[in-house]
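Structure first, then comments.
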Amino acid sequence: MSKISRRKLITTGLAATAGVAGLATASRIAQQYGLIPPDSGGVYGPGETLTYAAQRLLTNNSLAREFPRSMISKVPFANETAPPSDAFKRHQAAGFSDWRLSVDGMVAHPTTFSLSDLRRLPIHNQITEVACEEGWSYIAEWIGTPLVNVLNAVGVLPQTRYVVYFSIEPDWWESIDMADALHPQTFLTLGMNNGDLPVSFGGPLRLRVPRQLGYKSVKYITRITATDSLKRFGKGLGSASPEGGYAWYAGI
Ligand SMILES: Nc1nc2c(c(=O)[nH]1)N[C@H]1C(S)=C(S)[C@@H](COP(=O)(O)O)O[C@H]1N2
Ligand SMILES: [Mo]
């Protein structure tokens, strides 16, 4: 069966069973095709599974909306972050010259990148919106290298299913599936609105995931790991957000 007709069949099946035989059957179909989000046992349950499964089947490669330069927010809103740790302040005092991103896990060549290493990769820009689950949003230009370039450089192994990313702030870590990890708009972001990325917006390094809510765009990134299972990270729900009551999958 071709990829498209198989996809159509699964989607139709999902929608039909959700209506007729209920969510449990739909979840079973989703399970069969590897479309269960890691935290689906939680509060969001089958509802989150349906959203995730439907978006992955129908809009896997879709682009987040990009805006014209004239729509960049005049006063972008930096959400408050925890006060910077001493470790962060030391990096800041050194102009972030010793900031490192280590990339490990299911990769052929675990590698540590400096910010200059990252700047030598192809640099792209996008004008996209940050939308917080609390309701506010703003539009900014984001400058960086698509995460896929780093994943290609380290040789991510074919059995990888998720990419987990960690902030220097221990409470902030998230993960995304390969559809988002390899997506051209998922950026390791080094700049914003034609300048360096300000600390309040996640400088020196932030992962922008514009197809999901703001909380997936973690600031102050120091480590990325490729994995085939999220079970052994934290409480095994995929990221810090479901541990705090938010959905792991926050597609918009
Ligand atoms: N390290 C870190 N990353 C973070 C946060 C944070 O507090 N610490 N807040 C998240 C939340 S809830 C949102 S909505 C966005 C806010 O991004 P902004 O400050 O650019 O508006 O950053 C996300 N990334
Ligand atoms: Mo948020």
Side-chain angles (χ1 to χ4, degrees), residues 1-65 105-106 128-129 131-133 146-148 151 156-165 173-186 207-218 225-252:
M1 201 185 302
S2 80
K3 210 169 165 190
I4 294 288
S5 59
R6 177 175 162 273
R7 181 167 288 193
K8 227 187 218 153
L9 188 82
I10 303 168
T11 318
T12 317
L14 264 180
T17 49
V20 176
L23 290 169
T25 316
S27 295
R28 227 164 20 243
I29 295 178
Q31 181 112 49
Q32 205 176 328
Y33 290 95
L35 293 168
I36 297 284
D39 62 333
S40 62
V43 222
Y44 292 90
E48 192 196 341
T49 297
L50 273 186
T51 310
Y52 179 62
Q55 289 202 6
R56 279 295 168 265
L57 290 164
L58 296 168
T59 60
N60 216 13
N61 302 314
S62 67
L63 292 173
R65 182 173 172 202
M106 298 183 98
T128 53
E129 183 173 54
C132 173
E133 76 293 348
L147 176 63
V148 63
L151 297 179
V156 82
L157 301 180
Q159 58 271 44
T160 301
R161 291 192 57 201
Y162 303 99
V163 166
V164 191
Y165 44 105
W173 62 281
E174 281 292 337
S175 65
I176 46 179
D177 66 6
M178 297 317 281
D180 268 329
L182 303 174
H183 190 272
Q185 288 173 314
T186 299
L207 193 72
R208 271 290 287 136
V209 185
R211 300 201 303 174
Q212 298 201 41
L213 286 173
Y215 63 79
K216 300 296 280 193
S217 291
V218 174
T225 193
T227 183
D228 60 351
S229 165
L230 296 168
K231 287 277 185 306
R232 63 180 179 282
F233 297 93
K235 295 182 180 166
L237 299 176
S239 66
S241 37
E243 295 180 9
Y246 294 98
W248 169 80
Y249 182 66
I252 43 182

Atom of T160, atom of A226 and distance for their closest heavy-atom approach
CG2-CB, 3.7 Å
To the nearest 0.5 Å, atom CZ of F233 lies from atom CD of E243 at 12.5 Å
Applying side-chain contact (heavy atoms from CB on, under 4.5 Å), run through E129 and R65 and close with a yes or a no.
CA-CA 8 Å; E129 183 173 54; R65 182 173 172 202; over 6 Å; no
Of all the heavy-atom pairs spanning S241 and E174, show the shortest one and how long it is.
OG-OE2, 2.7 Å
Once rounded to the nearest 0.5 Å, what's the spacing between atom OG1 of T225 and atom OH of Y165?
13.5 Å
Quick one: pull up CD in Q212 and CZ in R208 and give me the separation to the nearest 0.5 Å.
11.0 Å
Identify the heavy atoms of G238 and P38 that sit nearest to each other, and give their distance.
CA-CG, 3.9 Å
Do R232 and T227 have side-chain heavy atoms sitting under 4.5 Å apart?
yes
Quick check for you: to the nearest 0.5 Å, what is the distance between H183 atom NE2 and L63 atom CG?
5.0 Å
Check the pair L213 / I252 against side-chain contact (heavy atoms from CB on, under 4.5 Å), numbers first and verdict last.
CA-CA 7 Å; L213 286 173; I252 43 182; 3.6 Å; yes
How far apart are the closest heavy atoms of D39 and L237, and which atoms are they?
CB-O, 3.4 Å
Can you name the side chain to side chain contact (heavy atoms under 4.5 Å, CB included) partners of L182, sequence neighbours left out?
V148, L151, M178
Indicate yes or no for a side-chain donor-acceptor contact from Q159 to the backbone of D228 under 3.5 Å, with no hydrogens or angles considered.
no
So, D177 and R56, do they make that salt bridge, N to O below 4.0 Å?
yes
Using side-chain heavy atoms (C-beta onward) and a distance below 4.5 Å, is Y246 in contact with K216?
no
Between S239 and S175, what is the shortest heavy-atom contact and its length?
CB-N, 3.8 Å
T186 side, atom OG1; D180 side, atom CG - distance, nearest 0.5 Å:
5.0 Å
Measuring from R211:CZ to T59:OG1, what's the distance to the nearest 0.5 Å?
6.5 Å
Would you please classify the geometry between the W248 ring and the Y52 ring as parallel, tilted or perpendicular, with 30° and 60° separating the classes?
perpendicular
